[in-house]
Amino acid sequence: MLGAVQLGLLAACVVLFVPMGMAGWHLSRNKVLFFSGALFITLAVGVHLTPYFPSVSDFVTSVSSSSVDVVVDDRASCVSLLHEIVWEVRPRVFDFDPMNNNSVNYEKSWSWKRSDTVESCEFQRLNRHDVSVLLNGSWVVVAGDSQARIFALSLLSLVLDPEGMESVKGSLFKRHSDYHTEVDEMGMMLDFMWAPYVTNLTSLVAGFKRNRVYPDLLVMGSGLWHMLHFVNASDYGVSLGILRSSMTSLLPVSSEFGNDESVAVRSPHLFWLGMPTLVNSMLNTKEKKEKMTDLVRGEYEREVKRSGMLRQFEGPLQLLDIGSLSWNCGIRCTDDGMHYDGIVYEAGVHVMLNALLIESHQKI
């Protein structure tokens, strides 16, 4: 039995060659008319055969669709380049104090690496107006330890004037406390949640689910306190696994309490604030120097990767790699080997804001 392609070819031959033979016999003295007729018949046959060769239409479709995919893929690949930041750290020209060689004696600046791949991503250092547009009407939650507190301060410094920042510093840095503020001009709310342990973060996420109220932007991180007070990387990893499971409640659709009913939830943008580089010799207590070593920190970092928390390991949270930012800024950017100058967290804030632009397909 003949297949569809064979029948199509047979029909095409009949349609093509029989009329052409007849036309050739009658129009042999008028070659222009003959070839015009032959061209018309050939085009008609081509249209007739197209359905029998889906690879042709597939090829055209794949070419047109691949051009769109390339744009999307190139844009998404920019996320992996967000931390390609270079630093310039140099002594202050006029007020350098050689007797007090701390971080204040040094001027620091940062910029994205100059390379064709990074420059093609068109990363931006956003100003106050840009941030107001991007975060307009948003509820931002930053949760964690003192690192997260400094990050929250760096974010607020982009949206508040100097007078507003002075009042924020006094309230935000109250020891081991939460903080809430509203930026009326842009309708943004920011909450800092003191959550030094991963279990605190898990409770926070559970509270969002219980109240069915979710932030638009959630930045969280933890590890330093656990490293100091427990020094047990495997226990830390178990806590991260529980937190990752609880994060499913922040996905666009989640199952409520194990039943079949699903509730639509607007998915927040989720970021994990990585631990900073620790300069052991600069840590300010003997206990910290004994427990917070490079070896221990490396074990904790591996647990973060194993937990599947991070986007690059198919997890829900995009990494804000304070570890690499602080490492590249260097020891001139910290006074205690743990807390770094605000400019390090400022760079992290801009990494986050550019990641938001990529995720939301925006350009300011």
Side-chain angles (χ1 to χ4, degrees), residues 83 85 87 102-103 142-152 154 175-176 192-205 219-247 270-342 344-345 347-348 351:
H83 292 90
I85 285 176
W87 293 86
N102 56 25
S103 65
V142 181
D145 52 24
S146 55
Q147 303 289 324
R149 194 187 298 274
I150 302 173
F151 184 89
S154 296
R175 187 174 177 82
H176 305 169
F192 168 76
M193 305 291 190
W194 174 248
Y197 297 109
V198 176
T199 52
N200 302 134
L201 298 176
T202 304
S203 298
L204 178 66
V205 172
V219 182
M220 58 182 179
S222 177
L224 294 177
W225 273 57
H226 194 284
M227 190 187 305
L228 177 61
H229 297 290
F230 292 96
V231 201
N232 190 325
S234 59
D235 178 73
Y236 177 69
V238 171
S239 298
L240 288 174
I242 297 172
L243 174 59
R244 187 194 187 286
S245 298
S246 70
M247 296 300 292
L270 306 173
F271 292 90
W272 181 257
L273 195 64
M275 289 186 291
T277 298
L278 299 176
V279 185
N280 187 267
S281 61
M282 299 179 67
L283 298 178
N284 54 20
T285 69
K286 181 180 178 181
E287 183 183 16
K288 289 179 182 178
K289 290 179 180 180
E290 291 176 349
K291 295 180 178 180
M292 307 179 79
T293 64
D294 291 340
L295 178 62
V296 173
R297 182 186 180 279
E299 292 174 351
Y300 273 67
E301 288 290 346
R302 281 190 289 274
E303 290 299 331
V304 174
K305 296 176 181 178
R306 290 172 183 166
S307 69
M309 292 280 295
L310 304 181
R311 189 81 59 83
Q312 59 261 50
F313 302 106
E314 300 184 356
L317 292 99
Q318 178 68 44
L319 175 65
L320 298 176
D321 194 356
I322 301 300
S324 69
L325 295 176
S326 56
W327 170 267
N328 291 324
C329 193
I331 61 173
R332 302 304 184 190
C333 298
T334 178
D335 288 329
D336 65 2
M338 179 186 299
H339 301 94
Y340 283 75
D341 293 345
V344 172
Y345 302 91
V351 167

Colleague: Have a look at Ser307 and tell me which of Leu243, Leu240, Ile242 forms a side chain to side chain contact (heavy atoms under 4.5 Å, CB included) with it.
Modeller: Leu240
Colleague: Could you check whether any side-chain N or O of Tyr340 sits under 3.5 Å from a backbone N or O of Trp327, counting only pairs where one atom can act as donor and the other as acceptor?
Modeller: no
Colleague: Is Asp145 reaching over with its side chain to a backbone N or O of Ser222, donor-acceptor style, under 3.5 angstrom?
Modeller: no
Colleague: So, Asp335 and Ser103: side-chain donor and acceptor under 3.5 Å apart, yes or no?
Modeller: yes
Colleague: Would you say the side chains of His226 and Asp235 form a donor-acceptor pair under 3.5 Å?
Modeller: yes
Colleague: Does Leu325 reach the side chain of Asp321, with side-chain heavy atoms less than 4.5 Å apart?
Modeller: no
Colleague: Can a salt bridge be assigned to the pair Lys305 and Glu301 using a cut-off of 4.0 Å between side-chain N and carboxylate O?
Modeller: no
Colleague: Applying the side-chain hydrogen bond (donor to acceptor under 3.5 Å, both in side chains) criterion to Asn284, which one of Lys286, Lys288, Glu287 satisfies it?
Modeller: Lys288
Colleague: Between Asn232 and Ser234, what is the shortest heavy-atom contact and its length?
Modeller: OD1-OG, 2.8 Å
Colleague: So Val304 and Leu310, do their side chains get closer than 4.5 Å, heavy atoms only?
Modeller: yes
Colleague: Without swapping roles, check the side chain of Arg297 against the backbone of Pro276 for a donor-acceptor pair under 3.5 Å.
Modeller: yes
Colleague: A side-chain contact here means heavy atoms from C-beta on lying under 4.5 Å apart; do Gln312 and Leu319 qualify?
Modeller: yes
Colleague: Starting at CD1 of Ile85, measure out to OG of Ser324 and round the result to the nearest 0.5 Å.
Modeller: 8.0 Å
